[in-house]
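Quick caveat: nothing in here was measured; it's all calculated off a predicted structure. Here, residue 1 is the first one in the sequence, and each next residue gets the next number.
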Amino acid sequence: MMMIRYIKQKDIHDLYHLAQKAGFGLTSLQPDMEILAARIDRAIKTVEGKLDKSEQGYLFVLEDTSLHKVVGVCGIEVALGLKEPWYNFHIGTQVHSSEPLNVYKSLPTLYLSNNHTNCSELCTLFLDPDYRLNKNGKFLSKVRFLFLSAFRQYFEETIVAEMRGFSDENGHSPFWDAVGHKFFDMEFTKADYLSGTGKKAFIAELMPRHPLYVDMLPDEAKAVIGAVHPNTEPAYNLLIEEGLRYKGYVDIFDAGATLQADIENLRAIKDSHVLTVHIEQSDLIMLGDEPYIVANDDYENYRAILTYSKPDSNQVTLSVEQAHQLHVKEGASVRLLNINIANQNKR
């Protein structure tokens, strides 16, 4: 069975192996044991209520319970930019005109921005390639929306998600080569690593403060502004399904799109349901065609599973094993969300 829960210290070696598989460009998942240990510690202290808002961040893992192995990870940062500035580029417009010459030019530009300060962030999504089947990817990505729905009071009004931008199999980013490399004099992978380890002061010190004219960049760089890495396209599409949108903000390193939405407008906030648990002692559970995420809404011991058990208007039937994984008993309340959008109304 696949089950999602909070990360624990014992997961560090599995998390390290996931970080090794993630490759270039996933800033928040670096294969460094010290950094990963600190990230896990911060996630645990967030749940325990021991951190200020500026440091709070949740981290969830997807566990293959038959192997007791962590095969995926995802996270939510509570509030960006309260401790250190949060940077991205905003695509704006500069107009140049001359009536005597009959010239009018509207030119796209890139402005260094801190506009997402104090937003919450969806982050650190990665699933082991061997487990990219059976709806595991959707489960891992969308469980965060169910968590937001259950514990709305812990988060800000706006949620953002930085998408991994385009880079080739060798870790070269066309946008970095055209922009960042000119100001930082280092390879993309090193700058990305430094940012991921929290050493972000160099961004403010070295990035240009004046707008950059997009038309002055090489075609290869212009082509990837607002694009996402091929491996990130499924995650991008899932977030679009849930109501996030691209508003012209891109990553300052690889120009990957940043998506955003008001949390109250997310599909899961509006369409998740709280139902009562019925535990079936036999294997005679009525299964449907639709996959549902079921979560226990227990803040201190949050857990979620994926089920095809067909719910009715008041309750959802779980097997003994499913109830055990969720730590729920007969009559308990759980939160349920149809993973699929188009078939939401079939419930």
Asks: Restricting to side chain to side chain donor-acceptor pair (under 3.5 Å), what partner residues turn up for N88, sequence neighbours left out?
Replies: S113, H116
Asks: Return a table of donor-acceptor pairs under 3.5 angstrom between the side chains of residues 141-151 and protein atoms on other chains or two or more places apart.
Replies:
unit_1 : atom_1 : unit_2 : atom_2 : d
S141   : OG     : R144   : NH2    : 3.4
K142   : NZ     : E241   : OE1    : 2.9
K142   : NZ     : E242   : OE2    : 3.1
K142   : NZ     : I339   : O      : 2.8
R144   : NE     : S141   : O      : 3.1
R144   : NH1    : C123   : O      : 3.2
S149   : OG     : S272   : OG     : 3.0
S149   : OG     : R335   : NH1    : 3.3

Asks: Under a plain distance cut-off of 3.5 Å, with no hydrogens placed, do N265 and K270 share a side-chain donor-acceptor pair?
Replies: no
Asks: Starting from L326, can I reach V316 by hopping between I/L/V/M/F/W/Y residues whose side chains sit under 4.5 Å apart?
Replies: yes
Asks: Using the test side chain to side chain contact (heavy atoms under 4.5 Å, CB included), find all partners of P31 that sit at least two apart in sequence or belong to another chain.
Replies: Y16, A19, Q20
Asks: Can you name the residues that form a side chain to side chain donor-acceptor pair (under 3.5 Å) with K21, not counting sequence neighbours?
Replies: D128
Asks: Test: salt bridge (Lys or Arg N to Asp or Glu O under 4.0 Å). Region: residues 63-76. Which pairs qualify, not counting sequence neighbours?
Replies: R5-E63
Asks: Going through the checks in order, is the side-chain hydrogen bond (donor to acceptor under 3.5 Å, both in side chains) test met by N296 and H327?
Replies: CA-CA 7 Å; N296 62 9; H327 288 184; 5.7 Å; no
Asks: Check K53 with E156, please: is the shortest side-chain N to carboxylate O separation under 4.0 Å?
Replies: yes
Asks: Checking one residue: V103. Which other hydrophobic residues are in its cluster under the side-chain 4.5 Å linking rule?
Replies: L101
Asks: Could you list the cluster mates of M216? Members are the ILVMFWY residues connected by side-chain heavy atoms closer than 4.5 Å, either directly or through other members.
Replies: L107, Y213
Asks: Y6: what forms a ring-ring contact (aromatic ring centres under 6.0 Å, His included) with it, not counting sequence neighbours?
Replies: F60
Asks: Between F253 and F175, does the ring centre distance come in under 6.0 Å?
Replies: no
Asks: Considering only distance and modelled atom types, tabulate donor-acceptor pairs under 3.5 Å from the side chains of residues 42-51, sequence neighbours left out.
Replies:
unit_1 : atom_1 : unit_2 : atom_2 : d
R42    : NH1    : E55    : O      : 2.8
R42    : NH1    : E77    : OE1    : 3.1
R42    : NH2    : E77    : OE2    : 2.9
K45    : NZ     : D41    : OD2    : 3.2
T46    : OG1    : R42    : O      : 2.8
T46    : OG1    : G57    : N      : 3.0
T46    : OG1    : G57    : O      : 3.3
E48    : OE1    : K50    : NZ     : 3.2

Asks: May I ask you to list the residues sharing a hydrophobic cluster with Y249, side-chain cutoff 4.5 Å, ordered by chain and number?
Replies: none
Asks: F155 vs Y58 aromatic rings, parallel, tilted or perpendicular, using cut-offs 30° and 60°?
Replies: tilted
Asks: Using links of under 4.5 Å between side-chain heavy atoms of ILVMFWY residues, direct or through other members, which residues join Y111 in one cluster?
Replies: none
Asks: Atom CD of residue position E34 - does it have more than 12 heavy atoms of other residues, nucleotides or ligands inside 6.0 Å?
Replies: no
Asks: Would you call I4 and V61 a side-chain contact if the rule is heavy atoms closer than 4.5 Å?
Replies: no
Asks: Can you tell if the side chain of I263 reaches within under 4.5 Å of the side chain of I269, non-hydrogen atoms only?
Replies: yes
Asks: Can you pull out every salt bridge (Lys or Arg N to Asp or Glu O under 4.0 Å) where at least one residue sits in residues 101-121? Sequence neighbours excluded, please.
Replies: none
Asks: Let me confirm one number: the OH-CG distance from Y292 to L275, rounded to the nearest 0.5 Å.
Replies: 9.5 Å
